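As the structure is a computational prediction, the values presented were derived from the model and not from experiment.
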Amino acid sequence: DLVGEVDTAALRTAIAAKAKELQERAAIEGLAREAENLRSAGRYDEALRSLDAALRQHPGAQPLTSARARIENERQEALRRQARDRALAEISAMPDAVQQAANEAVVSGLVLRSEAIAAEYPSEKPFKQAAQAVKKAAKRRRTELVRGTSAAPAGFSPQQMALAGGIAAL
């Protein structure tokens, strides 16, 4: 060894290790960003598959595990919103279905289904209102069924039917 010469092997090793750590961190952050972009596009399942693959390459990487948990929670929330929207659309269409019901059994089935849907969302006013509208329609339809009258044909209001009846009497 020369006098005054410093052994830099340990320093080079430390620098190489730090460079490798920074590269891995950049790769992990890139994978997390990729999953986030998929999530932003509403592609939750793809984002989760991407994160699962990334976690196999980088087990336990905190940015990846955090992103996976967050995206899974958002996916579940999106599924709940979709289910709620479908349920609201279904119950909102029921008064018309009741008015077209062929018999009491169909009317009763629609009323029971509307009550079941409303019970799934007890604190939401639109569901309560829709269930009430179904009951009101059911009451009208039951009266029609007992009297032997039927609902107006599809596309015609009761007022249009009354007018048509008046014209026919002329």
Side-chain angles (χ1 to χ4, degrees), residues 1-102 105-139 141 154-155:
D1 284 338
L2 297 172
V3 175
E5 187 176 307
V6 177
D7 183 12
T8 60
L11 182 58
R12 284 192 306 265
T13 302
I15 290 171
K18 188 65 173 177
K20 184 178 178 185
E21 177 187 329
L22 292 173
Q23 285 176 335
E24 186 167 334
R25 185 181 306 161
I28 288 169
E29 289 172 359
L31 292 166
R33 269 193 310 279
E34 177 186 319
E36 184 60 33
N37 290 338
L38 291 168
R39 184 217 48 90
S40 293
R43 297 163 53 189
Y44 298 102
D45 291 334
E46 288 178 60
L48 292 170
R49 281 193 300 272
S50 171
L51 287 168
D52 289 341
L55 282 164
R56 283 191 293 278
Q57 291 174 350
H58 308 280
Q62 186 59 42
L64 299 175
T65 57
S66 295
R68 191 183 195 301
R70 184 179 61 257
I71 290 171
E72 178 60 34
N73 288 340
E74 288 182 29
R75 178 182 162 275
Q76 291 299 321
E77 182 57 34
L79 291 173
R80 281 189 289 276
R81 278 193 311 273
Q82 289 172 355
R84 181 203 175 276
D85 292 348
R86 281 192 305 271
L88 187 56
E90 180 183 353
I91 197 171
S92 295
M94 284 184 177
D96 290 338
V98 166
Q99 283 305 120
Q100 301 300 317
V106 175
V107 172
S108 293
L110 289 167
V111 170
L112 288 173
R113 177 70 182 136
S114 74
E115 290 170 346
I117 292 171
E120 291 177 33
Y121 303 92
S123 63
E124 294 199 38
K125 193 173 181 179
F127 287 92
K128 289 178 185 177
Q129 291 171 333
Q132 289 170 348
V134 171
K135 287 179 186 175
K136 187 176 179 181
K139 184 177 179 182
R141 185 63 181 140

For [X], side-chain hydrogen bond (donor to acceptor under 3.5 Å, both in side chains) partners two or more places apart:
X: Arg113; answer: Glu90
X: Arg81; answer: none
X: Glu29; answer: none
X: Gln62; answer: Ser66

Exercise. At what distance, to the nearest 0.5 angstrom, does CD1 of Ile28 lie from CZ of Arg33?
Worked result: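 Separation between the atoms: 11.5 Å.
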Problem set entry | Spatial distance of atom CD (Glu120) from atom CD1 (Ile91) [nearest 0.5 Å] |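 Taking CD in Glu120 and CD1 in Ile91, the distance rounds to 9.5 Å.
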Problem set entry | Set of salt bridge (Lys or Arg N to Asp or Glu O under 4.0 Å) partners for Asp96, sequence neighbours left out |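 With neighbours one apart ignored, the set is empty.
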Exercise. How would you list, by chain and number, every residue that makes a salt bridge (Lys or Arg N to Asp or Glu O under 4.0 Å) with Lys125, sequence neighbours excluded?
Worked result: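 If we apply the salt bridge (Lys or Arg N to Asp or Glu O under 4.0 Å) test to Lys125, skipping adjacent residues, there are no hits.
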Exercise. Who passes side chain to side chain contact (heavy atoms under 4.5 Å, CB included) against Lys18, sequence neighbours left out?
Worked result: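 Lys18 satisfies side chain to side chain contact (heavy atoms under 4.5 Å, CB included) with Glu21, Leu22 only.
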Exercise. Who passes side chain to side chain contact (heavy atoms under 4.5 Å, CB included) against Gln82, sequence neighbours left out?
Worked result: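 Gln82 satisfies side chain to side chain contact (heavy atoms under 4.5 Å, CB included) with Leu79, Arg86 only.
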For this session: For residues 43-65, pull every pair meeting ring pair (Phe, Tyr, Trp, His ring centres under 6.0 Å), keeping only residues two or more places apart or in separate chains.
Result: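 Not a single pair qualifies under ring pair (Phe, Tyr, Trp, His ring centres under 6.0 Å).
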For this session: Quick one: which residue pairs count as a ring pair (Phe, Tyr, Trp, His ring centres under 6.0 Å) with a foot in residues 107-127, not counting sequence neighbours?
Result: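 Found Tyr121-Phe127.
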For this session: Answer yes when Glu36 and Arg39 have at least one side-chain N-carboxylate O distance shorter than 4.0 Å, and no when they do not.
Result: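 Answer for the salt bridge query: yes.
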Nearest heavy-atom pair of [X] and [Y]: which atoms, and what distance?
X: Pro63; Y: Ala32; result: O-CB, 4.5 Å
X: Met94; Y: Ser114; result: SD-CB, 3.6 Å
X: Ser92; Y: Leu88; result: OG-O, 2.7 Å

Donor-acceptor pairs under 3.5 angstrom involving side-chain atoms of residues 47-57: please list them, not counting sequence neighbours.
residue, atom, partner, partner atom, Å
Ser50, OG, Glu34, OE2, 3.3
Asp52, OD1, Arg68, NE, 2.4
Asp52, OD1, Arg68, NH2, 3.4
Asp52, OD2, Arg68, NH2, 3.3

For this session: State whether the side chain of Arg141 and the backbone N or O of Val107 hold a donor-acceptor pair below 3.5 Å, judged by distance alone.
Result: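 No, because the side chain of Arg141 does not come within donor-acceptor range (under 3.5 Å) of the backbone of Val107.
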Exercise. Side chains of Glu115 and Leu112: does their closest heavy-atom pair fall under 4.5 Å?
Worked result: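 Answer yes - side chains close enough.
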Exercise. Can you pull the side-chain hydrogen bond (donor to acceptor under 3.5 Å, both in side chains) pairs that have at least one residue in residues 127-138, sequence neighbours excluded?
Worked result: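 Every pair satisfying side-chain hydrogen bond (donor to acceptor under 3.5 Å, both in side chains) with a residue in residues 127-138: there are none.
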